[in-house]
Number of protein chains: 2
Amino acid sequence: MSDLLAERDAWSMANCSIARTLEIVGTRTAMLILREAFLGTRRFDDFARRIGIGEPATAARLKELTAAGLLERVPYREPGQRTRYAYQLTEKGRDFLPVLTALRQWGDTWVAGEQGRPVVARHKQCGGEVRAVLRCEEGHDVPFGESYIDAGPGLLRLEADGA
Amino acid sequence: MSDLLAERDAWSMANCSIARTLEIVGTRTAMLILREAFLGTRRFDDFARRIGIGEPATAARLKELTAAGLLERVPYREPGQRTRYAYQLTEKGRDFLPVLTALRQWGDTWVAGEQGRPVVARHKQCGGEVRAVLRCEEGHDVPFGESYIDAGPGLLRLEADGA
DNA sequence: GAGCTGACTTATGGATGCGTAAGTCAGCTC
DNA sequence: GAGCTGACTTACGCATCCATAAGTCAGCTC
């Protein structure tokens, strides 16, 4: 457990996973599109109407999220209608659920309205509320302050100029 | 377990906790400021330099996050210097860690560079890697598809016009 | 083959995000 | 009391986000 944080200036965050992620889902509307996708929305108009955003923003975000591989366009056909395309989550997109759960949970705790939170996620099996928690490989819950930052293989160490 | 998703159009997301949260931390720079705060950065110049953003953006975001209660300004004094202010996480800010952990984890999995992820969080106690996981109150892990959405006290049900 | 419908695209404009560069300001050192 | 330093603020301009409104387009119905 070398103290990587103490030498914070000796390494770069140029390839930070958080920054990379935000380049894909860093807009408010992208997050809301994903929220809506997790709620089961699949069609263009439904995304726009349920989120309350304009069609150009809807089209732009759906295109970006599809290009990034979080959504995929799948053809569908309703009786008496022509073939259309729906947007559904890929595995890459489904894997984003912990992010949205953590965001919702934080909002429920700290910025909910007077009435309280609008929705709750529950486990189908037991009805228990679903929460995003931090846990280590060994199965321990990890409260704030009980974790440390370790170097990964992609850590960029900066040249020391005058040393 | 009434199927709330089936009647998705009958309820509103006007007070959605995710949307509310994004109004505070919905910019790329706000998230990166928080990342840096969790890495131990506390001073204005360090935030700007380590994140690689300009001073106006740094000042704006620090001000917003302080106003929103995620950071607090604390006076400090180095020997031979005058009193200055540092920014440190409040409880409200510390509670944001699961969001950043989930974002980092998704990026590590899906958009890491060739070298792999730059950093890993580990449990101080055992060295095990820390992950953001979805778990229900009863202690069960909740994989994708094993949860459902239930109404909370703040759910806004819309008037049915023609029904 | 004319109209309809869902899924977009285009045009336009305002608001916000963010960078660079330069200025301010307080108070400690010398 | 002049200079220095950290912490900002101001000025300016570009780029992106996003809304409203209108146009397009494919193909099914009638």
Side-chain angles (χ1 to χ4, degrees), chain A residues 8-9 13-14 16 18-19 21-37 41-68 71-88, chain B residues 8-9 13-14 16 18-19 21-37 41-68 71-88:
Chain A
R8 170 69 187 86
D9 281 315
M13 279 258 137
C16 170
I18 295 175
T21 300
L22 292 175
E23 284 178 22
I24 299 171
V25 295
T27 64
R28 184 183 143 78
T29 46
M31 288 281 191
L32 296 179
I33 291 267
L34 287 173
R35 174 200 77 188
E36 212 50 48
T41 299
R42 295 162 50 92
R43 290 164 50 161
F44 185 91
D45 280 9
D46 288 338
F47 279 110
R49 183 172 36 80
R50 291 172 179 172
I51 301 175
I53 61 179
E55 290 171 3
T58 306
R61 239 45 75 206
L62 286 175
K63 196 164 289 186
E64 289 164 13
L65 291 172
T66 302
L71 297 177
E72 61 187 347
R73 266 162 60 99
V74 294
Y76 74 98
R77 177 130 179 213
E78 290 187 352
Q81 297 289 329
R82 72 176 205 264
T83 299
R84 301 189 184 284
Y85 292 89
Y87 297 86
Q88 72 180 20
Chain B
R8 170 70 186 86
D9 281 315
M13 279 257 136
C16 170
I18 295 175
T21 301
L22 293 174
E23 284 178 22
I24 300 171
V25 295
T27 65
R28 183 183 144 80
T29 46
M31 288 282 190
L32 295 179
I33 291 265
L34 287 174
R35 174 199 78 189
E36 213 52 46
T41 300
R42 292 162 52 92
R43 288 164 51 162
F44 184 90
D45 280 10
D46 288 338
F47 278 111
R49 183 173 36 79
R50 290 173 179 172
I51 300 175
I53 61 179
E55 290 171 4
T58 306
R61 239 45 74 203
L62 286 175
K63 196 163 288 187
E64 289 164 13
L65 291 172
T66 301
L71 297 177
E72 59 187 348
R73 265 162 62 100
V74 294
Y76 74 100
R77 178 132 179 211
E78 289 186 354
Q81 298 288 331
R82 72 175 204 267
T83 299
R84 300 189 185 284
Y85 291 89
Y87 296 86
Q88 73 179 20

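Chain letters run A, B, ... following the sequence lines, proteins first and then strands; every chain starts at 1.
Taking atom CG of A:Asp46 as the reference point, atom C1' of C:dT5 lies 14 Å away to the nearest angstrom. For the pair A:Arg50 CZ and C:dG6 P, the interatomic distance rounds to 14 Å; values are reported in whole Å. Straight-line distance from the CD1 atom of B:Ile33 to the P atom of C:dG17: 13 Å, rounded to whole Å. At whole-Å resolution of the value, CZ in B:Arg28 and C1' in C:dT16 are 16 Å apart. Here the C1' atom of nucleotide C:dC8 and the CD atom of A:Glu64 are 15 Å apart, to the nearest Å. We find that OH of B:Tyr85 is positioned 13 Å from P of C:dA26, with the value rounded to whole Å. Taking atom OH of A:Tyr76 as the reference point, atom C1' of D:dG27 lies 14 Å away to the nearest angstrom. When rounded to the nearest whole Å, the span between CG of A:Leu22 and P of C:dC18 equals 11 Å.
For C:dC8, one of the phosphate oxygens OP1 or OP2 lies less than 4.0 angstrom from a side-chain nitrogen or oxygen of A:Tyr87. Contact check, A:Lys63 against C:dC8: no side-chain N or O comes under 4.0 Å of OP1 or OP2.
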Dot-bracket notation for DNA chain C, counting Watson-Crick and G-U pairs under 3.5 Å, with | for partners on another strand: ||||||||||||||||||||||||||||||

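Between A:Glu55 and A:Arg61, it is A:Arg61 whose nearest contact on DNA chain D lies nearer the 5' terminus. Each of B:Arg43 and B:Pro56 was assigned the nucleotide of DNA chain D with the nearest heavy atom; the assignment lying further toward the 5' end belongs to B:Arg43.
Distance from the side chain of B:Ile53 is smallest for C:dG19 among the nucleotides C:dG6, C:dG19, C:dC8. Listed nucleotides: D:dT9, C:dT9, C:dG19. Nearest to the side chain of A:Phe44: C:dT9.
We find the OG1-CZ distance between B:Thr21 and A:Arg28 to be 10.5 Å, quoted to the nearest 0.5 Å. Separating the CD1 atom in B:Ile53 from the CD1 atom in B:Ile33 is a distance of 4.5 Å, to the nearest 0.5 Å. Here CG of B:Leu65 is found 9.0 Å from CZ of B:Phe47. Values are rounded to the nearest 0.5 Å.
Heavy atoms of B:Thr29 sit under 4.0 angstrom from primed sugar atoms or phosphate atoms, though from no base atom. B:Gly52 comes within contact range of the sugar-phosphate backbone alone, with a heavy-atom separation under 4.0 Å but no base atom that close.
Considering A:Arg49, A:Gln88, A:Arg35, A:Arg50 in turn, A:Arg50 is the only one that fulfils the side chain to side chain donor-acceptor pair (under 3.5 Å) rule with A:Thr41.
B:Arg84 is not listed as a side-chain neighbour of B:Phe44, based on a closest heavy-atom distance of 4.5 Å or more. Taking the side chain as every heavy atom from C-beta outward, A:Arg73 and A:Tyr87 approach each other to under 4.5 Å.
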CA sep, side-chain torsions, deciding dist, call: A:Val74, A:Arg42, side-chain contact (heavy atoms from CB on, under 4.5 Å): CA-CA 9 Å; A:Val74 294; A:Arg42 295 162 50 92; 3.6 Å; yes

